[in-house]
Amino acid sequence: MNATAIAHPNIALVKYWGKRNRALNLPAVPSVSVTLAPFETKTSVQWGGDSDRFVINGVAATGAAQQRIASFLNLIDPSRPPVFVDSTNNFPTAAGLASSSSAFAALALAATAAAGRQMVLEDLSVLARQGSGSACRSLWGGFVTWRLGTQSDGTDSHGVPIDNEAHWDLRVVVALVSDQKKAVSSRDGMNRTQESSPLFDGWVTSGPNDVAEAEAAIRSRDLERLGTVMEHSTMKMVGTMVSAQPAVLYMKPSTLAVLHAVRELRSRGVPAWSTMDAGPNVKVLTTPEAEAAVIEHLRPHVPKVHSLSVGGPARLL
Ligand code: 2P0
């Protein structure tokens, strides 16, 4: 059978960084995200054929990428037939723009449908998580918490919607410092940090409080409260990265210039808060009214600026 799905990437407002179980992508901390449009991954799956073939952005996957997709499909059915996957992003891949989140959410939805499996969103989220942790948050639109869970098999560690995309009209302005594939994957950076940063324990114990703070801020649409906890979570995560051995340093000189520019905007009364992920790009949380001022202020520092809105759920076409 054939099926096609679309999913938007999400960015974390409170960050996932570190795992308590690497095989299952069970997180060391809970996290909160916002789903973003119009960035999206569109994935078509044909379940049954002559041999496995996985095409990502028009290029056949090989090596570790191929193995990662094959292993993911085996989770759906260990005695599956050969599968054809064709997946396309309308935004840069593996550059700290959360492409793995939309990729595995779209693949989970399309592949289970093509295999004739009907699954509830929570179970799709558990499946997507095993492809890439952050993907478990991209099944829903709007604002999502990824619960830590307590089960050793990970069945209770999945996305839980806080509210949908209609709840709050926000903008995320992406200051694109670089669209090149990063030198250290988020997976490797995360593992190295967890193994070697002396700050990692503090990161883990302070995480749940940040999630509670972000959930309350989202429910009450309090942007200052949300922006403040988002920046705090981001800087704590970066602190664990740069204190790893050797340091995981994703920031470039323009990254720091943008962070200062956002502080300057805020000192002038513009509502703008910054966040980063496993890459050099800065994402700025702001209002629709302040969007133009933020774009204008950041443009001189970076080659490209994207403006994103709160996106909807993953869906089958
Ligand atoms: C996040 N990031 O919460 C955090 C913040 C990057 C920094 O999730 O190993 O690709 O596949 O579970 O999800 C990026 O890591 O890692 C990420 P795996 P993933 O969005």
Side-chain angles (χ1 to χ4, degrees), residues 7-36 39 41 64-65 67-69 71-72 75 89 92-108 125-139 143-149 154 157-159 172 174 181-182 184-195 197 200 203-204 207-208 210-211 214 229-242 244 248-251 255 274-283 285:
H8 298 292
N10 70 78
I11 57 153
L13 302 164
V14 174
K15 305 294 176 180
Y16 152 55
W17 195 248
K19 307 184 195 201
R20 69 177 193 278
N21 180 320
R22 283 189 195 175
L24 293 171
N25 286 338
L26 292 178
V29 286
S31 55
V32 174
S33 63
V34 57
T35 303
L36 297 174
F39 281 2
T41 300
Q67 188 51 50
R68 191 168 169 187
I69 298 167
S71 303
F72 183 78
L75 296 171
N89 292 333
T93 300
L97 293 174
S99 55
S100 70
S101 67
S102 48
F104 281 98
L107 184 60
S125 176
V126 165
L127 174 63
R129 189 202 72 224
Q130 293 171 77
S132 187
S134 53
C136 79
R137 302 182 304 228
S138 267
L139 275 309
F143 304 87
V144 178
T145 298
W146 174 6
R147 293 245 176 92
L148 205 47
S157 185
H158 53 71
V172 173
V174 180
K181 202 172 160 160
K182 57 211 178 198
V184 179
S185 73
S186 46
R187 184 162 291 186
D188 291 347
M190 198 182 293
N191 290 341
R192 192 197 298 173
T193 301
Q194 185 161 9
E195 284 160 9
S197 169
F200 196 78
W203 163 251
V204 170
D210 292 345
V211 166
V229 69
M230 179 185 78
E231 283 198 349
H232 183 52
S233 174
T234 304
M235 288 304 178
K236 280 192 294 181
M237 177 184 72
V238 171
T240 68
M241 290 171 171
V242 299
V248 178
L249 188 61
Y250 290 116
M251 285 188 283
T255 309
S274 55
T275 186
M276 295 171 285
D277 294 289
N281 303 317
V282 182
K283 294 98 179 181
L285 188 64

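Counting starts at 1 for both ligands and their atoms, following the listed order. Numbers here simply count residues along the sequence, with the first being 1.
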Legend entry - Any N/O pair Trp17/ligand 1 closer than 3.5 Å: no
Legend entry - Any Met237 heavy atom less than 4.0 Å to ligand 1: yes
Legend entry - Within-shell test, Arg22 vs ligand 1, heavy atom, strictly < 4.0 Å: no
Legend entry - side chain to side chain donor-acceptor pair (under 3.5 Å) against Ser186, all qualifying residues, sequence neighbours excluded: none
Legend entry - ligand 1 contact by Arg68, heavy-atom criterion under 4.0 angstrom: yes
Legend entry - Atom CZ of Arg192 with >12 non-hydrogen neighbours under 6.0 angstrom: yes
Inset, instruction - Tell me yes or no: between the side chains of Asn89 and Thr41, is some donor less than 3.5 Å from an acceptor? - result: yes
Inset, instruction - Determine, using heavy atoms of Met276 and all atoms of ligand 1, whether some pair is separated by less than 4.0 Å. - result: no
Inset, instruction - Consider every N or O of Asn10 and every N or O of ligand 1, then say whether any pair is closer than 3.5 Å. - result: no
Legend entry - side chain to side chain donor-acceptor pair (under 3.5 Å) against Gln194, all qualifying residues, sequence neighbours excluded: none
Inset, instruction - Indicate whether the side chain of Thr193 and that of Thr240 have a donor and an acceptor atom separated by less than 3.5 Å. - result: no
Inset, instruction - Look only at interatomic distance and state if Ser100 has a nitrogen or oxygen under 3.5 Å from any nitrogen or oxygen of ligand 1. - result: yes
